[in-house]
Every structure is written in structure tokens, then in C-alpha cells.
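What follows is a set of notes on a single structure, which appears directly below.
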There are 2 protein chains.
Amino acid sequence: MAGARQFDESQVLDAMMRVFWEKGFEATSIDDLVRATGLQRGSLYNAFGDKAAMFCRALRLYQDEVHASHLHALRGDDPREALTRLFQLQLKSARDARQPRGCMLSDARRICHRLPTTAATETRAAADELEGALFAMFERARAAGRLAATADCRALARFYAAVARGVAGTEPGPLEDIARIGVALLEAA
Amino acid sequence: MAGARQFDESQVLDAMMRVFWEKGFEATSIDDLVRATGLQRGSLYNAFGDKAAMFCRALRLYQDEVHASHLHALRGDDPREALTRLFQLQLKSARDARQPRGCMLSDARRICHRLPTTAATETRAAADELEGALFAMFERARAAGRLAATADCRALARFYAAVARGVAGTEPGPLEDIARIGVALLEAA
DNA sequence: ACGATCCTTGACCGATCGGTCAAAGCACCT
DNA sequence: AGGTGCTTTGACCGATCGGTCAAGGATCGT
């Protein structure tokens with residue numbers, strides 16, 4: 001019954017991530033995690049620490065598996081292509097019934113003042129990454145002449161980051177509309 | 001000590017609304033409401049019913065006091081003016097330290113599947129009102145020739161509703177940027 | 001004056017919360 | 001073979017959760 005680890009840590013982390021992603025930090029109970037992972041309470045605490053630490057590990061997995069692809073979509077210096085890629089990723093997530101709706105990061109950001117200090121700063125930093133990536137992309141675009149020299153890259157980044165936050169939980173149909181408008185408006189400017 | 005109501009119901013409702021607005025439905029405990037209102041548990045339950053009913057009443061007050069002004073901002077057929085008014089309202093809220101950050105409605109929308117049926121449908125309906133008001137405004141604008149005849153009013157409404165959701169909790173500085181871009185992009189199109 | 005009715009109060013309920021711990025067991029090192 | 005060090009297990013902890021209720025007091029109609 002014991003001696004060495006009886007479980008695959010990455011599988012367990014994946015299960016924990018899905019629960020936190022779906023229900024958020026506060027609404028997720030340890031019993032939820034027990035059910036989802038198949039592990040016992042003691043094993044969870046022994047392996048990860050307390051609830052905040054479990055959330056942190058789950059959040060880090062989310063960053064690596066989900067958020068990283070969003071940041072990667074913003075590569076290059078063509079804002080139209082970059083935004084299209086980002087919206088396409090979000091559309092794919094929205095259409096995938098296996099994936100929880102919403103964004104684990106922006107949910108975490110909103111409640112991070114109730115998290116322990118280290119978890120809070122980590123969450124804040126991660127949540128600000130998208131705006132940073134958007135800003136960098138717009139700056140590359142301006143340098144490449146694909147954006148007016150007078151364009152306010154910071155403001156554009158903040159705007160599209162707000163759009164990205166705002167589409168969390170949206171159904172695929174409306175999300176298609178939003179993506180189309182998001183790209184069209186940028187082209188018009 | 002008793003006999004007739006010892007409290008001003010509207011004052012109590014206002015206090016409850018602020019708590020629910022700040023912390024959300026799940027993270028708000030009855031004891032939080034007891035502290036915020038000054039009433040005892042029994043009085044709260046006697047006056048309003050259960051926690052979901054308290055939330056409903058608070059949400060209705062939010063609609064009347066806060067959300068209604070947002071819908072009113074979208075009057076007329078000039079999309080530039082309407083959006084500017086909406087963003088100005090949000091900026092004013094963000095600058096007002098007495099008001100909680102974020103939007104009680106979009107927060108409620110996200111967790112409404114955990115509410116009782118009646119509260120859930122009420123919440124959903126209220127949360128969809130902004131997109132409806134945006135749609136109506138864009139249609140008036142198109143009829144008045146202020147928007148291209150080919151403009152997709154539904155898509156535009158969905159897009160700006162997403163922006164409005166996405167700015168929840170944003171600091172005044174970034175919000176100014178977002179408002180400026182939001183209006184500028186529409187003008188360019 | 002006197003019930004009837006409503007409100008307030010504070011104790012109380014079972015359930016669940018996050019977290020702990022001793023007992024027991026397996027695996028590895030020497 | 002026999003410790004040693006880890007994991008697993010399930011019972012257990014105090015705190016808090018949403019919700020209830022009997023007791024008691026104030027107000028009103030009659």
C-alpha cells in the first residue's frame with residue numbers, strides 16, 4: 001500500500017488543474033481534488049503541501065500547457081496574423097467540449113489578493129504576460145512598418161488584452177463574431 | 001427590541017450589495033453580511049429568505065443603481081458618443097475608491113450555474129442586457145447612416161460587450177487607454 | 001386591557017471546510 | 001535479515017459554512 005509513489009504526478013496535476021480551472025480556487029474543495037485525482041487527502045498534502053500550493057502547481061501547468069501557446073501565437077511582426085492565431089486558439093478551446101470554459105489565469109487574477117503572498121505575485125505576473133506579449137508584438141509590427149509610427153502600442157496591447165479577458169466563457173458562435181471584428185477593426189486603423 | 005422593523009431595508013440592501021459585489025456570491029458568508037449590515041442572522045433570514053434570495057435582491061439593486069446607467073449611456077444613434085459615455089461611466093467607477101472593482105453582473109454570470117434556477121435565469125437575462133443595448137444602438141446608428149449599411153451590428157455588439165467584460169477590475173490608467181482605443185477603432189471602421 | 005402578530009436575539013444544528021497525525025506498509029540500502 | 005525512510009490510509013481536529021428555532025419583547029387592532 002505504500003513505500004514508493006503510487007501515482008503519476010503529472011496525471012494527478014492534470015486532474016487538479018482541470019478542477020481548479022473549472023471551479024476556481026475558492027469553490028474547489030480538497031474533497032473535489034480527492035475525487036478527481038483518486039488520491040487520498042493525506043497523499044495530496046504530502047505530495048504538494050497545502051491548498052494554495054496545489055493551486056500554484058496547477059496554475060504553472062496551465063501556463064505551460066495552455067497560456068504558453070497563446071503567447072506563442074503572438075510571435076512575428078504581423079498583427080493581423082498574430083491576432084488571428086490568438087483568436088483561433090481561443091475558438092479551438094471554446095469548441096473543445098473536454099476543456100473547461102474560461103481562463104484559469106484571469107479568474108486567478110481576480111481573487112489573487114486572497115491567496116498567500118507568493119502565489120499572488122506569481123499569479124499577477126503570469127496574468128500580465130499576455131499584455132506584455134501583445135505589446136512586444138505591436139512594437140515589432142510598428143518597427144516593421146505594419147503599424148503607423150504614431151500607434152500607441154501599450155494602449156493597443158491593453159485593449160486587446162481586455163478583449164481576450166472578456167471572451168472567457170463565450171460560446172463558439174459569438175466568439176467567431178468577436179474574433180472577426182477584432183481583426184477587422186485593427187486592419188481599418 | 002422587536003415588534004416592527006428596526007432597520008431601513010434599502011440601507012441594508014445597499015450594504016449587502018457592496019459585499020456581494022466585492023467578494024462574489026460564493027466567497028461571501030452570512031457572517032460577512034451580518035457584520036456589514038449590523039443585523040443578526042435571524043433578522044436577515046426573516047427579511048430576505050436564504051442566501052440566494054439575498055443575492056438576488058442585491059443583484060436587482062445593482063441593476064437599478066449601476067447597470068441601468070450603463071444601458072442609458074448607450075442611448076441615441078451616435079456610436080462614438082454612446083461608447084464614449086459608456087467608457088466614461090466605467091472610468092468614473094474605477095476612479096471612485098468607495099466602489100468595489102469589477103462588475104457584479106459578469107461575476108454573477110460566471111457562477112450562475114451554481115445558483116438556484118430562478119436566480120440563475122434572472123442573472124443570465126441581466127447579463128445579456130448590455131449586448132442587447134449595444135446591438136440596438138448600433139442598429140439605430142446604421143439606420144441613421146452613421147454606420148456602413150454592411151456593418152454587422154450583432155458582431156459589433158458582441159465585440160464591445162466582450163471589451164466591457166474585459167475591463168472589469170482594470171485600473172483607471174489602463175482603462176483610459178482601452179477607452180481611447182475602443183472609440184478610435186470604431187471610428188476608423 | 002389583552003391577544004395576535006411580527007421582529008429580534010443568540011444559541012444551536014448537521015454538514016463541510018482546510019489541515020493534521022499516528023498507525024501501518026512497501027521498497028531500498030547495508 | 002533488519003533497519004530506515006518514504007508513502008498511504010482513514011480517522012480525527014477545530015473552525016466555519018448555510019440555515020433553523022424557541023424564547024422574549026414590541027406593536028397593533030379591538
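So you know, we letter chains A, B, ... as the sequences are listed, proteins then strands, and number each from 1. Just so it is clear, the structure is predicted and the values come from calculations on it, not from any experiment.
- Between the C1' atom of dG19(C) and the CG atom of Leu33(A) lies a distance of 13 Å, rounded to the nearest Å.
- Distance from the side chain of Ala4(A) is smallest to dA27(C) among dG18(C), dC7(C), dA27(C).
- A straight line from CG of Leu44(B) to P of dT9(C) spans 11 Å, rounded to a whole angstrom.
- A salt bridge is defined here as a Lys NZ or Arg NE, NH1 or NH2 lying under 4.0 Å from an Asp or Glu carboxylate O, and Arg95(A) with Glu176(A) meets this definition.
- Out of dT8(C), dC17(D), dT7(D), the shortest distance to the side chain of Ser29(B) is found at dC17(D).
- The nucleotide whose nearest atom lies closest to any side-chain atom of Asp31(B) is, among dC17(D), dT7(D), dT20(C), dC17(D).
- Put simply, Val66(A) and Met54(A) are part of the same group of oily side chains (I, L, V, M, F, W, Y) that touch within less than 4.5 Å, one to the next.
- Asp50(B) places its CG atom 22 Å from the P atom of dC13(C), with the value rounded to the nearest Å.
- When rounded to the nearest whole Å, the span between CG of Asp32(B) and P of dG19(D) equals 14 Å.
- Judged by atom type and distance alone, Arg41(A) does not reach the base of dG10(D) through any side-chain donor-acceptor pair under 3.5 Å.
- One interatomic measurement links the two molecules: NZ of Lys23(A) to P of dT16(C), which rounds to 12 Å at whole-angstrom precision.
- Nearer to the 5' terminus of DNA chain C, by closest-nucleotide assignment, is the contact made by Gly42(B) (compared with the other of Ile30(A) and Gly42(B)).
- Listed nucleotides: dC17(C), dG18(D), dG19(C). Nearest to the side chain of Lys51(A): dG19(C).
- Taking atom CD of Gln6(B) as the reference point, atom P of dG10(C) lies 13 Å away to the nearest angstrom.
- Taking 4.5 Å as the limit, every side-chain heavy atom of Leu33(B) sits out of range of all side-chain heavy atoms of Arg41(B).
- Listed pair Ser43(A) / dT8(D) meets the phosphate criterion, a side-chain N or O lying under 4.0 Å from OP1 or OP2.
- The side chain of Tyr45(B) sits closest to dG19(D) out of dT8(D), dG19(D), dT20(C).
- In this entry the distance linking CD of Glu26(A) with P of dC17(D) reads 12 Å, nearest Å.
- Environment of CZ in Arg124(A): crowded, with over 12 heavy atoms of neighbouring residues, nucleotides or ligands closer than 6.0 Å.
- Note on Gln40(B): a side-chain N or O is less than 4.0 Å away from OP1 or OP2 of dG10(C).
- Checked by atom type, the side-chain pair Ser29(A)/Asp31(A) shows no donor-acceptor distance below 3.5 Å.
- Put simply, CZ on Phe48(B) is 12 Å from P on dC7(C), counting in whole angstrom units.
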